[in-house]
2 protein chains.
Amino acid sequence: MGESDNNARTLSIPESTVLRLPVYQRILVNFERRGLNTISSADLGRLSGENAASVRRDLSRLGSFGTRGTGYNVATLIRQIDRVFATDQPHGVVLVGAGNLGRALVQSNNFFGHGTQLVAVFDADPALIGGELGGCTVLADEHLEAEVRTASVHLAVLTVPVSVAQGVAERLVTAGVRYILNFAPTTLHVGAKVTVRYVDLSIELQALSFYERDDAARHSGTSIGTAGITNAARSPKHRTHRSSAQPR
Amino acid sequence: MGESDNNARTLSIPESTVLRLPVYQRILVNFERRGLNTISSADLGRLSGENAASVRRDLSRLGSFGTRGTGYNVATLIRQIDRVFATDQPHGVVLVGAGNLGRALVQSNNFFGHGTQLVAVFDADPALIGGELGGCTVLADEHLEAEVRTASVHLAVLTVPVSVAQGVAERLVTAGVRYILNFAPTTLHVGAKVTVRYVDLSIELQALSFYERDDAARHSGTSIGTAGITNAARSPKHRTHRSSAQPR
DNA sequence: TAGATTGTTAATCGATTAACAATC
DNA sequence: TAGATTGTTAATCGATTAACAATC
């Protein structure tokens, strides 16, 4: 595509690519730490579990930063991916729910950062309120609206029980939140202008156990029923990451 | 497709469908609790955030259990989805890593079950060893191989730090594990016969913040660069859930 | 019968990947 | 020049969805 894209700030990047860039970034940072200056799409593919052609296609979305015959400059690629996620201008995020999962996310030291910054934590449990988490004091639930408004936060991470998830989501949206990462295993019904991204951890294990059974049935010929079992159901591909926006 | 599929036990079910069935199941169980006997694809779609046609297509993989003009019997659907995940014959799973995330998964009361059963928990931290988690005593790391072998476990959930993930994965595989749900943000290099499913939580938030910025740029016309910003990068669709198998 | 809703067809769309010309 | 590797084309594949005949 055109030379005019060279210094483009915001390019059209497919979701599948957006989800893979952080994986590449991790590998690149490792390479840099080890003092390696260049990397080929073949290596990056091997290390990320992706097809080399996919890697090249993904990286070509950032611009044309490779060198034929040589590969990609590691530092350049890191800089370009940082640019996509604007890691130098992080967006504020509030975390609602300071239970096990909320704490696990914060303490992973890997969840926030990379374009986001935790600015407030809320919980309803008096035992947690006043405690410290990720550099924030855990605030009582009822201060949620005020804080979100004064800090002009548009992003929220929801790690609350299912029973209160919808209510909290509504309050967040009223206070100005437009993007919610929802860990509660329930569908949120919010306005069409709000983007909800769902992470349902239990589904992952269910899927894996389904495949264990499916493979076993296939290999042992133990199809208890009659159906022909095709391989179509199984695509031993790459590391996909879930997307999703609002239910209608 | 044939009538012979009617009582098929293992049908070819696409990954995208496998990942949505648990969502439907949750909604169906809610319906049943509320004493509702039937549900239409339109309702199930609204409640799950999916297109009604997708719902029908998904459910048709289970067989032909709907009634034209009426909808689906809730109890029947629940039974059929349970059958797909063989919830009556759960597979054993070991959890390696009893830190915040491991505990969050177990205590969610939603992660195990649905076709799986937690049979052992391991950790390397003496402070955690001997404690109780999900009905299991947290065992010392070094007992991992013996336990996996004697219990003939094929499924493992990895919630350990990145630094030890590869080593633990290798030990699990040697002991007979064939399916790994990996929460450590690193690619695991195991044999081709082992299926690894990756859940990288930090990527989810990065993606969401990318879209926040992307939307802002699009709407304010603040394209700092030159590129035309298309809508193609954004597909406000459904609740997808990540897949993935082994890197090659 | 009239209304509602399924199950499936066919069109569309996006994502993956082999292949290869361009070029370092 | 010879070898290596990118960037892109084109083929393929799977997933989504509108539309509608079938049918309760």
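Labels below follow one simple rule: chain letters A, B, ... track the order of the sequence lines, proteins then strands, and each chain is numbered from 1. For the numbers below, each heavy atom of this structure counts, side chains included, while hydrogens, waters and symmetry mates do not.
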Can you tell me the distance, in whole Å, between the [atom1] atom of [X] and the [atom2] atom of [N]?
X     : N      : atom1 : atom2 : answer
B:L19 : D:dT16 : CG    : C1'   : 15 Å
A:L62 : D:dG7  : CG    : C1'   : 13 Å
A:L59 : D:dG7  : CG    : P     : 8 Å
B:D43 : C:dT5  : CG    : C1'   : 11 Å

Considering only [options], which nucleotide approaches the side chain of [X] most closely?
X     : options                : value
A:N51 : C:dA15, C:dT17, D:dT16 : C:dT17
B:S40 : C:dT6, C:dA15, C:dT16  : C:dT6
B:A53 : D:dA19, C:dT6, C:dT17  : D:dA19
A:R56 : D:dA18, C:dC20, D:dA15 : C:dC20
A:Y72 : D:dT16, C:dA15, D:dG7  : D:dG7
B:T67 : D:dC24, D:dT6, C:dT17  : D:dC24

Mark yes or no for whether [X], through its side chain, and [Y], through its backbone, hold a donor-acceptor pair below 3.5 Å.
X      : Y      : result
B:R20  : B:S48  : no
B:Y198 : B:L188 : yes
B:T116 : B:F112 : no

Gap separating the CG atom of A:D82 from the OG1 atom of A:T87, nearest 0.5 angstrom: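 Here the rounded value is 3.5 Å.
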B:R46 vs B:D43, salt bridge (charged side-chain N to carboxylate O under 4.0 Å, His left out): CA-CA, chis, key distance, verdict: CA-CA 5 Å; B:R46 235 181 320 276; B:D43 282 344; 2.6 Å; yes
Nucleotide opposite C:dC20 in a Watson-Crick or G-U pair, distances under 3.5 Å: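 Check on C:dC20: paired to D:dG7, both distances under 3.5 Å.
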5'-most contact on DNA chain D: B:G69 or A:A42, nearest heavy atom basis?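 Result of the comparison: A:A42.
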How would you label the contact of A:S54 with the nucleic acid (heavy atoms, under 4.0 Å): base, sugar-phosphate, or nothing? base
Could you check whether A:S41 gets within reach of a base, just the sugar-phosphate, or nothing at all, counting any heavy atom under 4.0 Å?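 If one applies the 4.0 Å heavy-atom cut-off, A:S41 turns out to touch the sugar-phosphate alone, with no base involved.
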Record whether the side chain of A:R68 comes under 3.5 Å of the base of C:dT23 through a donor-acceptor pair of N or O atoms.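 Side chain to base: no pair below 3.5 Å.
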Counting only side-chain nitrogens and oxygens, does B:T70 get under 4.0 Å of the OP1 or OP2 atom of C:dT5? no
Counting only side-chain nitrogens and oxygens, does B:R61 get under 4.0 Å of the OP1 or OP2 atom of C:dT8? no
